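Below is one structure; the comments refer to it alone.
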Amino acid sequence: MAYKITSECISCGACAAECPVNAISQGDTTYVIDADSCIDCGNCSSVCPVGAPVAE
Ligand code: SF4
Ligand code: SF4
């Protein structure tokens, strides 16, 4: 299990600052989550203004 960022992402960067394992980085059109690093804490989903990170 890992979180994934959907196309709703507006690239605000809030989630990357709150990820405890630095699994989130800026991608081409949205921020992206490294599924191998994600520990499923849910912080990114909590802080995202548009609900883009979702649990897979
Ligand atoms: Fe990082 Fe937690 Fe979001 Fe995974 S669920 S990407 S560990 S903030
Ligand atoms: Fe995208 Fe939400 Fe992360 Fe902002 S907090 S970069 S909108 S996923």
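Read the numbers this way: they start at 1 and go in the same order the structure lists the ligands and their atoms. All values derive from a computational prediction rather than experimental measurement.
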Looking only at heavy atoms, the pair that brings C38 and I33 closest together is CB-CG2, 3.9 Å
Taking every non-hydrogen atom, the tightest pair across E18 and N43:
O-ND2, 3.1 Å
Look at ligand 2 and say whether T30 reaches it with a heavy atom at a distance under 4.0 Å.
no
At what distance is the nearest protein heavy atom to [atom], and which residue and atom is it?
atom: atom 3 (Fe) of ligand 2; value: C15 SG, 2.2 Å
atom: atom 4 (Fe) of ligand 2; value: C12 SG, 2.3 Å
atom: atom 6 (S) of ligand 2; value: G13 N, 3.1 Å
atom: atom 2 (Fe) of ligand 2; value: C48 SG, 2.3 Å

To the nearest 0.5 Å, how far apart are [atom1] in [X] and [atom2] in [Y]?
X: I39; Y: C19; atom1: CD1; atom2: SG; value: 7.0 Å
X: C15; Y: I5; atom1: SG; atom2: CD1; value: 4.5 Å
X: I10; Y: T30; atom1: CD1; atom2: OG1; value: 12.0 Å

Hey, does V50 have a side-chain heavy atom less than 4.5 Å from the side chain of C9?
no
Within the distance-only criterion (no hydrogens, no angle test), does the side chain of S45 pair as donor or acceptor with the backbone N or O of V54 below 3.5 angstrom?
no
Please indicate how many protein N/O/S atoms are found closer than 2.8 Å to atom 4 (Fe) of ligand 1, with waters neither displayed nor included.
1
What atoms in ligand 2 come closer than 4.0 Å to a heavy atom of [X]?
X: I5; value: 8 (S)
X: A52; value: 8 (S)
X: Y31; value: 6 (S)

Is the contact between [X] and ligand 2 made by the side chain, the backbone, both, or neither, using heavy atoms and a 4.0 Å cut-off?
X: V50; value: side chain
X: A16; value: neither
X: I10; value: both

Shortest reach to atom 1 (Fe) of ligand 2 by a heavy atom, considering only G27, C9, A14
C9
